[in-house]
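Position 1 is the first residue of the sequence, and the numbers go up from there. Any value given below was found using the heavy atoms of this structure, including those in side chains, with hydrogens, waters and symmetry copies removed.
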Amino acid sequence: MAELIWDGKYKDGKKVAPVKISLPFQTVETIYESAQQRQKSLDLYASGQKTEWRNRLIWGDKKYVLPSLLDEFAGKVNLIYIDPPFDTGADFSFTTTVPESDESFTKEPSLIEQKAYRDTWGVSKEEKYRGVQQIDKYLKWFYETAVLLRELLADDGSIYIHLDWHVGHYAKAILDEIFGENNLLREVIWSIETSSGFKAQANMWIRGHDTILVYKKTTGYVFNKQFLELEEKTIRRYDKTDENGKRYKIYYQNGQERIVYLDKSKGRPITDVWSDIIGFQTVNRGPEYLNYPTQKPEALINRIIIASSNPSDLILDCFIGSGTTAAMAEKLGRRWIACDLGRFAIHTTRKRLLQIDGCKPFVVQNLGKYERQAWRGLEFENAKDIQEKEAAYRKFILDLYRAEPISGHNWLHGIKAGKMVHVGSVDAPVTFDDVKSICAEVWKAAGKGKDSPKKAAVDILGWDFGFEVNETAKQLAAEAKVEAKFKHIPREVMERQAVDAGDIHFYELAALDVKLTVNKMAVAVELTDFMLPQDDVPEDIRKAVKKWSQWIDYWAIDWDYKDDTFHNMWQSYRTKKSPDLQYKMTNKYENKGKYTIVIKVIDILGNDTTKTVDVEIK
C-alpha cells in the first residue's frame with residue numbers, strides 16, 4: 001500500500017512512536033454524588049476495592065491524557081468520535097457575554113492553548129529555516145493521536161473522524177496505515193446547510209459538506225441500522241386498503257406477488273449521505289447553539305452513538321469542545337470520557353451536563369502535579385540530584401518572573417522591585433502554613449542586607465493554592481504587617497516555545513467574599529463580593545461591568561468538605577434561557593458538629609476561585 005511520509009516520521013529507519021508517559025489522574029471535583037455515594041466510594045477505595053464507575057471530564061493536553069488512559073482503558077472503548085482541528089484558526093477562542101449588559105467579546109486562546117495549536121499547525125523559526133512545512137507538523141500530530149486512539153478502541157469498536165476538505169485526504173491515508181485500508185467502513189458525507197448571505201458572496205463553489213470517516217478496529221463491529229420517515233411521495237404508493245383499513249401496496253418479485261403494509265415499514269434506511277441534519281452554519285441556529293465555534297448538532301452525534309454503540313458502552317471524545325458528545329452519551333445511557341485542553345470547553349461541558357435531567361454523577365479531572373513532575377524531570381534532567389534539580393527549577397521560574405535569585409533563606413527564593421519572591425513547589429499547593437512561614441521569614445529579613453527587601457513585602461508564586469489561602473492567608477499576612485500578593489505560575493512555563501517567545505504572564509488570584517448565617521441546624525451562604533484581576537479583560541468590557549456579580553458565571557458549594565476533593569452539592573449558573581444567578585443558598589445539617597464549607601466560583605472567562613469557611617452547628 002502507498003504510504004504518506006512527512007518530516008520526522010522515521011528516525012534511523014524506524015517509525016517514531018508516540019511518547020507514552022502514563023500519569024495518574026487527579027480528581028478535582030465530583031458532581032451529582034450524594035453523601036452516601038461519596039462515603040461508599042471512600043470506603044471502597046480505602047479497602048482496595050474497585051469503586052463505582054464515574055463518567056469523566058478531563059482537562060488536559062491529549063499528548064498526556066491519552067497515554068495516561070491506556071493503563072485502564074486500552075481495548076475497552078466501544079466508540080470514539082473526534083472532531084479535530086481542520087486548519088489554522090481560533091479553535092480555542094470563545095465568545096462570552098457580560099451578564100446584565102449588551103456587551104460580548106471573543107476571548108482569544110490562552111497561551112497554552114495557542115501553544116497546543118502551534119504544536120499542531122505552526123512551526124518554529126528553526127523549523128522554518130530547515131524548510132519544515134505546517135502540514136508536516138499536523139501529520140505527525142494526527143498520526144500520533146490516531147495510534148493512541150486505536151490502542152484504546154475495543155476489538156469490536158469503531159471510530160468516527162470528522163474532517164473537511166483541508167486535511168481529509170491526508171487523514172485518510174494515515175488512518176488506512178494505522179487501522180488498515182480494509183477496515184474503512186464508510187465515508188459519510190454530512191451535507192450542511194449554508195444559507196447565509198455572506199457565503200453566497202463567495203467567488204467559488206459554496207462549501208456544503210463535511211466528511212466523516214468511519215473505521216473499525218478488527219473484523220467485528222457494532223452497527224444498529226437507523227431509518228428516516230417515509231417521504232410523502234413514497235407513502236402515496238401505498239394506495240390500497242384491506243378490510244381492516246390498513247394501507248398496503250403490491251409489487252412483484254421473481255414473478256410472485258408481494259404485499260407490503262405501510263405500518264410494517266421501518267422507514268427509509270439512512271445512507272452515507274446525511275442531508276437531514278442542519279448544522280450551525282445557518283443564520284437561525286436555534287436554542288441548542290451555545291456560541292461555540294466548533295459546536296456540532298446533537299442530532300449528528302445522536303445518530304453516530306445510536307448506530308455504533310449499545311447502552312452502557314464506553315464512548316470517548318478527546319476534542320470535546322462544547323460537550324455535545326458527552327451530553328448525548330449521557331442522554332442515551334452510555335458511559336463517557338470527555339477530554340479537552342480548553343478550560344472554557346470544560347466549563348461549557350460541565351454546565352451543559354448539569355442541565356440534563358437525571359444526569360449521573362461525574363468527575364472533573366486533570367493530571368495536575370504529575371504532569372509538572374514529568375516536565376521538571378525532563379527539563380532539568382542534567383541536575384545531579386533532587387536538590388540541584390529543585391534549585392534549577394526555582395531559578396528558571398525566577399528568571400521568567402524577572403526576579404533575582406537569592407540564597408540563605410528557607411522560604412524566600414528571589415527578590416524583585418524591592419519585594420521578596422517565593423516559588424511554590426511543583427508537587428503541592430501553597431498552604432496556609434506555608435504562608436505563615438513565608439511571612440515570618442520576610443519580617444525577619446526585611447531591611448537587613450543587600451538581598452533583603454526594603455519593606456516587608458512578598459510575591460508568592462504557586463501552581464496551586466490551598467482553598468483557604470487567598471482569603472485567610474492574605475488576612476494573616478496583613479495582621480503580620482506583610483504585604484503579600486498571590487500569583488499563579490502559568491502552565492505555559494512548561495512549553496518551550498511559549499518561554500522562548502516571552503509569552504509568560506503571572507496573574508494575581510481573584511478574591512471572593514461571602515456572608516455566613518447560622519440558624520440552629522441551618523447555614524446560609526451568600527455571595528457578597530467578587531474581585532477579578534482584569535489584566536486579561538479588554539478595556540471596553542471592563543467599562544461594561546457595573547457590579548461585581550457580572551463577572552460570575554457559575555458557583556457551587558461543598559457543604560461538608562473533608563480535605564479530599566471538592567464535591568459539588570449545589571450550584572447556580574447562567575444559561576441562555578435563564579441568565580440570572582441565585583446568590584444565596586441554605587443547607588440544613590442533620591447532625592451537630594464542625595463543618596468546613598467550600599465555595600467555588602467560575603467567572604465569565606472560565607477561571608475558578610475558591611473560598612473556605614468553617615462553621616459549627618451546636
| Is it true that Glu33 and Lys360 make a salt bridge, defined as a side-chain N closer than 4.0 Å to a carboxylate O? | no
| query | Are Asp83 and Lys296 ion-paired here, with the side-chain N under 4.0 Å from a carboxylate O? | reply | yes
| Would the Tyr170 and Trp6 ring centres measure less than 6.0 Å apart? | no
| query | Shortest non-hydrogen contact from Ser265 to Leu230? | reply | OG-CD1, 3.6 Å
| request: Kindly indicate whether a cation-pi arrangement holds for Arg350 with Tyr554, taking the cut-offs as under 6.0 Å to the six-membered ring centre and within 45° of the axis. | output: yes
| request: Indicate yes or no: does Lys351 engage Asp553 in a salt bridge with an N to O separation below 4.0 Å. | output: yes
| task | Using a cut-off of 6.0 Å, state whether more than 12 heavy atoms not belonging to Arg186 lie near its atom CZ. | result | no
| task | Inspect the contact between Asp239 and Lys249 and indicate whether a charged nitrogen and a carboxylate oxygen are less than 4.0 angstrom apart. | result | no
| task | First locate atom CH2 of Trp59, then atom NE2 of His347, and finally report the distance between them rounded to the nearest 0.5 Å. | result | 13.5 Å
| query | Got a donor-acceptor contact below 3.5 angstrom from the Asn224 side chain to the Ile306 backbone? | reply | yes
| Can you name the closest pair of heavy atoms from Ala329 and Ile315 and give their distance? | CB-CD1, 4.2 Å
| field | Donor-acceptor pair between Ser309 and Arg334 side chains, under 3.5 angstrom | value | yes
| Going by distance alone, is a donor N or O of one side chain under 3.5 Å from an acceptor N or O of the other, for Thr30 and Arg54? | no
| request: Mind listing the closest non-hydrogen atom pair of Ala146 and Ile178 along with its distance? | output: CB-CD1, 3.4 Å
| Hey, mind stepping through Val363 and Glu29 against side-chain contact (heavy atoms from CB on, under 4.5 Å) and telling me if it holds? | CA-CA 6 Å; Val363 297; Glu29 182 175 352; over 6 Å; no
| query | If you measure from the Lys or Arg side-chain nitrogens to the Asp or Glu carboxylate oxygens, is any gap between Arg303 and Asp276 under 4.0 Å? | reply | yes
Show the atom names and distances, to 0.1 Å, of all donor-acceptor pairs under 3.5 Å that link a side chain in residues 72-80 to residues at least two apart or in another chain.
residue	atom	partner	partner atom	Å
Glu72	OE1	Arg56	NH1	3.1
Lys76	NZ	Glu72	O	3.3
Asn78	OD1	Leu314	N	2.7

| task | Could you tell me whether Trp555 and Tyr573 have their ring centroids closer than 6.0 angstrom? | result | no
| message | Ring-plane angle category for Tyr81 and His162, please: parallel below 30°, perpendicular beyond 60°, tilted otherwise. | response | perpendicular
| field | Salt-bridge present (Arg343, Asp340; N to O < 4.0 Å) | value | no
| Looking at the rings of Tyr261 and Tyr248, which for Trp means the six-membered one, are their centres under 6.0 Å apart? | yes
| query | Side chain of Thr575, backbone of Ser578: donor and acceptor closer than 3.5 Å? | reply | yes
| message | Between Glu187 and Lys172, does any NZ, NE, NH1 or NH2 come within less than 4.0 Å of an OD or OE carboxylate oxygen? | response | no
| said: Hydrogens and angles aside, do Asp155 and Thr218 bring a side-chain donor and acceptor to less than 3.5 Å of each other? | reply: no
| field | Row check, Phe566 ring normal vs Lys600 NZ/CZ: under 6.0 Å, within 45° | value | yes
| Donor on one side chain, acceptor on other, Glu257 and Tyr252, under 3.5 Å | yes
| Ionic contact status for Lys15 with Glu177, cut-off 4.0 Å | yes
| field | Distance, nearest 0.5 Å, that separates OH of Tyr32 from CG of Leu353 | value | 9.0 Å
